[in-house]
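These notes concern the structure reproduced below.
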Amino acid sequence: MSFLLSLEEAVKQGNRNSAVSSVEDALSAKLPPQDILDALVKGMDDVGRRFKANAIFVPEVLIAARAMKESMAILEPVLVAAGIQPEYTAVIGTVTGDLHDIGKNLVGMMWRGANFKVIDLGTNVPPEKFAEAVVTHKPDIVGLSALLTTTMPNMKITVEAIRKTSDSRVKIVLGGAPVTQDYADEIGADGYASDAASAVDLVRKLIAS
Amino acid sequence: MSFLLSLEEAVKQGNRNSAVSSVEDALSAKLPPQDILDALVKGMDDVGRRFKANAIFVPEVLIAARAMKESMAILEPVLVAAGIQPEYTAVIGTVTGDLHDIGKNLVGMMWRGANFKVIDLGTNVPPEKFAEAVVTHKPDIVGLSALLTTTMPNMKITVEAIRKTSDSRVKIVLGGAPVTQDYADEIGADGYASDAASAVDLVRKLIAS
Amino acid sequence: MKHYQQLAINNADELCFGRAPKPLTTRRGMVIGGGVVYPELNFTLPAMVVDASTMPLVRRHYQEIITGALKRAVELQAPGVVIEFETLPPMTENPDWGLDVVKILLEGMEEAWSKESLKSVLRVTPNDNRDFMRPPQMRGGKYWEQMLTLFDESAAAGGELLSIESVGGKEIHDDALLMCDIGQVIFALCVLGARDMQFLWTHLTEIADRHGVHCAGDTACGFANTAMALAEQRMIPRLFAAVVRAVSAVRSLVAYECGAVGPGKDCGYENPILKAITGYPMAMEGKTAACAHFSPMGNIAAATCDTWSNESVQNIKLLGGMAPTCYLEQLIYDCRIMNRALADGPDSSLAYRKLLVDSDSSLDPQAFILAPENILAIARAIVESDDYYAAGKAAAHTAISLLRDGHKNGQLKINPQEIVWFDRIKEGIESLPDSEEAFISQQLAQVDRSRFLPEEYALSES
Amino acid sequence: MKHYQQLAINNADELCFGRAPKPLTTRRGMVIGGGVVYPELNFTLPAMVVDASTMPLVRRHYQEIITGALKRAVELQAPGVVIEFETLPPMTENPDWGLDVVKILLEGMEEAWSKESLKSVLRVTPNDNRDFMRPPQMRGGKYWEQMLTLFDESAAAGGELLSIESVGGKEIHDDALLMCDIGQVIFALCVLGARDMQFLWTHLTEIADRHGVHCAGDTACGFANTAMALAEQRMIPRLFAAVVRAVSAVRSLVAYECGAVGPGKDCGYENPILKAITGYPMAMEGKTAACAHFSPMGNIAAATCDTWSNESVQNIKLLGGMAPTCYLEQLIYDCRIMNRALADGPDSSLAYRKLLVDSDSSLDPQAFILAPENILAIARAIVESDDYYAAGKAAAHTAISLLRDGHKNGQLKINPQEIVWFDRIKEGIESLPDSEEAFISQQLAQVDRSRFLPEEYALSES
Ligand SMILES: [Zn+2]
Ligand SMILES: [Zn+2]
Ligand SMILES: [Zn+2]
């Protein structure tokens, strides 16, 4: 098996030791860093697909994600040197007044698995902080989460704050129990995902459009 | 028993023959037309109160209303000659696209019982027709009814059409299954009644304010 | 046309949920009335206008409804699901729009079937727009044509169960209710309503036969459910609403005489009477239709159901999920209990039926007449009558007698202000003429003639 | 502090809805657990911001909710109603706002009592804001002070049942769930959670005693219900969620050890275990809480309930009426069936309980462990343990063993992709240290220490 195939396999299995050593082998063999990255992403893609098909659960995805993360720690300097950037940058957070964490974390996990650079602002994040992060990180995507009917209105304020920054390119997507596609349309967000598994496809579709 | 007391009693009992002859007696006795009217309204008020307290049902109210109506047929020319007007004029109708009748009819019944002049535009009434009626009849109140979630939005359009007429004094009130106080506030209506029995109080409160 | 002269179910113990003497098998193998109660999901749009410009959004809503609901049905391992699509007025007026939605629903159902083996069947219920004309034109004109087109195209597309809440006679019935005039109620239901049903359901049977689908049934929704709603708001006596319910069975029965085979439509609380007469399975709704209307028959309505429905709920988000999905979950759990009892055998089913019946029957007249023995008594009065008018009178008379006896012997509680209505209603019934002919002339002389066109009901002046 | 060493209910036939060995009598004479199941209504605001400027609108909503719901309860002749007010975060942060709403609700309840003789009782559930600080400050600071103020003032105003969904340990538990790490789950629930419960409920008991009201109970909502929600979305195995549920009973039990007397809070699906141990009545929720969350335990949750709740629904309009009123109607009908069965005697109650249990128990692990025999087995494992850690381990071990046996002998269906988790979970449990001391050191070395402050749980470094 080639280094790249075994790397892909190691990520699928969530075997971090094997993943790390495969990356090291591939780097020693002077394989192009983009190819090594592609193998990692391919492995995670497969994990994501099995997760979406309900064949595996979150812990299995997290284990694979950890293998990917440790591999990336070695690979990243090489990618940077080669001028290769993550596909997309995303900022994510739960809006002000709301402490709910898990939905946001799951989306972050899915995005990282798709090799997005994810900046997690945490929970109870005021609109200004989202706007600042947009200015600082120039993300392609901002993900907003809310679980309460009484904090959902803060999504509107946050969208307004983000739209006021100079970055008009950024796509804003929403998620959380009280949120609907109608609400996303109403407040001028770009998209809505009803579950973490569909959050990657949503973003890819939005950016392509 | 005085003519006026027996008139009041006849209305309470829904006895139209007795009501009519009491009005005739009172007129022959040259009692002031306002006093005769007050006796009628007092009788109907009592009926309305018993209805609100669930002591009697709609058919009993309708029978009393019929006694009042026949009495008014005799009294009205005298009132007109004396320059006495009905307390309020109301226009009522079900909005366009909606055929539901009963709720509107019950409100009309309650308002007539309170001696409002009621112009019933029927069901499936377009916004223009409401606006026209406001111009023509100069009502104090317009009542809009809708029973479907898909016709409720026509209340908004109707309110806008009415507000565009020169008559800024008119109070618009809403009723119907999908309607709420929040919705009334949102579209700039003046009030909302959750049932026919409270529609009289609502209007009196609105006009007083 | 069939005329029922005896009951399909004579023994109260055989009038139970989940089992009908003449079950209906769907294309995907659901056997309705064959020992399993199926959930029947109904839904509508949230507050929005339906027109050409909003149709993309309308489609998205129905797409979301069917996908979300069936996904949950799979999770909960439902044995099958009936989906009812009741159109909104513009969707019957523009049959293409209605058909669009029919196809979206059928696609969602096909996907759940092919991927997850979830059985389902679509009931299509075009909304009856004929009274958009005042007075209504019942036998021709654009509203009639559009409605038949939608029935025809829906059946061709795969809509397997055809239903409607037809409105013939409603133009008279609304006022009859507010006046509690039992004569006009019988005129609206058993003269106008029954004649319109004959005309309408003969046409629907033809359409169903042409496409190999089923006429399911009609409901007195605009009549007896309006009475129920008025009674819940204490506008009219509950006693009167109960009597209207009994009379309404005469009208709804006509669909089966013309060829319908069930399941009768959910909001027909008169359906148990029709099940006893025809032996066909029936949809019912009760507590889990509180999203659509309050009801005094929340449990007892389930006692004889073959599908169990939520009547209608907007596609809006509750905290748990979209409302149609939430309600499907509730229906599935209600059905699980009945299906468990059915699987345990007749003793268990009857014991559970008894709980359902006893929990409601003493608290409200409308519930009381749905106790199995009372259903049979009313059904019997109907089949033993010679014409619809006589049947209506007999149903009304039987109902008020059952209620009076029930009250006398302490089985039925009545609000004190209702007591006077025992006599009023009874006298109202007893003062009606003997023959249908005399009755029709009497009513034609009394009712507001500006409201309806006798010729639209094949009524000639006498 | 009491420590339960034996069960209040030893015989599965005595673990049934409507009857608890130690019923609770309210000021207006409702006897919870005394032979009648009461509906328990919950509600929340529609989408809106809560701040000083919107408080008039907030008040109007609660006013509308209580008036509309109790009016319907009178119509339906409910034997009594429990009203639960769960505050939203700003209402605990501004205790005056929370208290405003408490008073509005109490006034509505008083009016229904004085005018219509409708019995009701208020459960006040301040929301636990202590984790607005990260890491959470559990034993002091403004969030703690505000919360105690609201409890105190609500009790003084007439809030008779005090509850909370406390969050001690949740800062560790969320990640433990996503990793399906049973060790961290037990650490969060039985070490952090249990210690926080002791501290918190000692204070609440003091408040309740001062005002002559009752500590009702806590729930593992943020823990085991999060697990349930994740399992429903197929994020984590249902088997794991079932084991978390069993462990969560150890934490929720602490409230009763500190003086709570029930009814345990609705969303605690671990409550049947606590009823078996303590003998106190319990609130439960199931299918009729689909408005708030989906659940695989829609019917079986009712099998042992003493009040029956809808968990939460926004004050929005459904077609039938405002959603809280619709849900109260549904709850009342659910309760009517149980109360009918109770009135018919133990055979009837047990027959209905069997239907509720059998309709769900084979379809999901979380439902399976709620079968009365399984409840007793888990409860027994808990009371036979020496400390919370041992109890958590024993509960987990008993649960996974019951599930494995159930699956082996065909009583429990499991999705194929879950099968590997039998071994994973079992091995996870068996690899844990014997003593609590060893366990705590192990966990303190493993968990993300930036997330919590050991001193807030009176945990010293070892
Ligand atoms: Zn209907
Ligand atoms: Zn319906
Ligand atoms: Zn909860």
Side-chain angles (χ1 to χ4, degrees), chain B residues 14 50-66 94-110 121-125 127 146-158 175-180 182-183 186-187 193-198, chain C residues 43-51 54 58 87-91 93 127-134 136 167 170-171 173-181 222 226-227 229-241 292-293 312-316 415-418 420-421 424 428 451:
Chain B
R50 278 186 294 150
F51 177 61
K52 254 186 103 164
N54 296 319
I56 56 171
F57 296 101
V58 167
E60 284 128 324
V61 181
L62 285 173
I63 289 167
R66 199 181 289 169
T94 303
V95 298
T96 191
D98 203 315
L99 292 180
H100 292 89
D101 222 3
I102 291 186
K104 167 185 71 61
N105 291 348
L106 288 171
V107 172
M109 172 191 86
M110 297 307 294
L121 303 179
T123 61
N124 191 19
V125 181
L147 209 90
L148 300 174
T149 50
T150 49
T151 55
M152 185 174 79
N154 296 330
M155 287 182 150
K156 183 166 187 257
I157 305 171
T158 307
V179 185
T180 59
D182 278 3
Y183 181 70
E186 188 188 316
I187 68 168
S194 62
D195 55 75
S198 59
Chain C
F43 36 77
T44 191
L45 293 171
M48 63 179 289
V49 171
V50 178
D51 61 22
T54 61
V58 168
T87 71
L88 289 155
M91 299 171 185
E93 205 173 336
N127 134 287
D128 188 350
N129 281 345
R130 289 175 295 165
D131 54 351
F132 263 92
M133 304 264 289
R134 292 287 169 96
V167 297
K170 185 166 157 56
E171 64 272 42
H173 196 265
D174 279 0
D175 278 359
L177 281 183
L178 294 185
M179 283 305 295
C180 292
D181 181 327
T226 302
L230 290 170
E232 283 311 299
Q233 296 165 50
R234 303 224 189 175
M235 296 283 147
I236 64 171
R238 288 156 189 270
L239 282 175
F240 193 78
H293 63 78
S312 191
V313 72
Q314 311 105 292
N315 189 43
I316 54 177
N415 284 335
Q417 61 270 43
E418 298 231 346
V420 293
W421 286 90
R424 290 190 191 161
R451 289 185 176 267

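In the text below, chain A, chain B and the rest are named by the order of the sequence lines, each starting its count at 1. Bear in mind that the values here come from a model prediction, so they are computed numbers and not experimental data.
Just one of B:T123, B:V125, B:D98, B:L121 meets the side-chain contact (heavy atoms from CB on, under 4.5 Å) condition when paired with B:K104; it is B:T123.
Residues C:R234 and C:Q417 meet the side-chain proximity criterion, which asks for heavy atoms closer than 4.5 Å. Counting heavy atoms from C-beta outward, C:R424 and C:L239 have side chains that stay 4.5 Å or more apart.
In terms of non-hydrogen atom pairs under 4.5 Å with chain B, the most contact-rich of C:T226, C:N129, C:V49, C:D175 is C:V49. Of the residues considered (C:P237, C:P416, C:C180), C:P237 shows the highest number of contacts with chain B, using heavy-atom pairs under 4.5 Å. Listed options B:A55, B:G97, B:P178 were ranked by heavy-atom pairs under 4.5 angstrom with chain C; first place goes to B:G97. Ranked by heavy-atom pairs shorter than 4.5 Å toward chain B, the options C:E418, C:E93, C:R134, C:Q233 are led by C:R134. Per-residue counts of heavy-atom pairs under 4.5 Å with chain B were compared for C:L45, C:I236, C:V50, C:V420; the largest is that of C:I236.
Residues B:I157 and B:P127 approach most closely at CG2-CG, 3.8 Å, considering heavy atoms. What you find for C:P46 and C:I316 is that their closest heavy atoms are CB-CG2, 3.7 Å. Annotation for B:G14 and B:I63: closest pair O-CG2, 3.2 Å, computed over non-hydrogen atoms.
Contacts between B:Y183 and chain C at a heavy-atom distance below 4.5 Å are absent for every atom of the residue. Neither the backbone nor the side chain of B:R50 has a heavy atom closer than 4.5 Å to any heavy atom of chain C. For B:N124, the part lying under 4.5 angstrom from a heavy atom of chain C is the side chain only.
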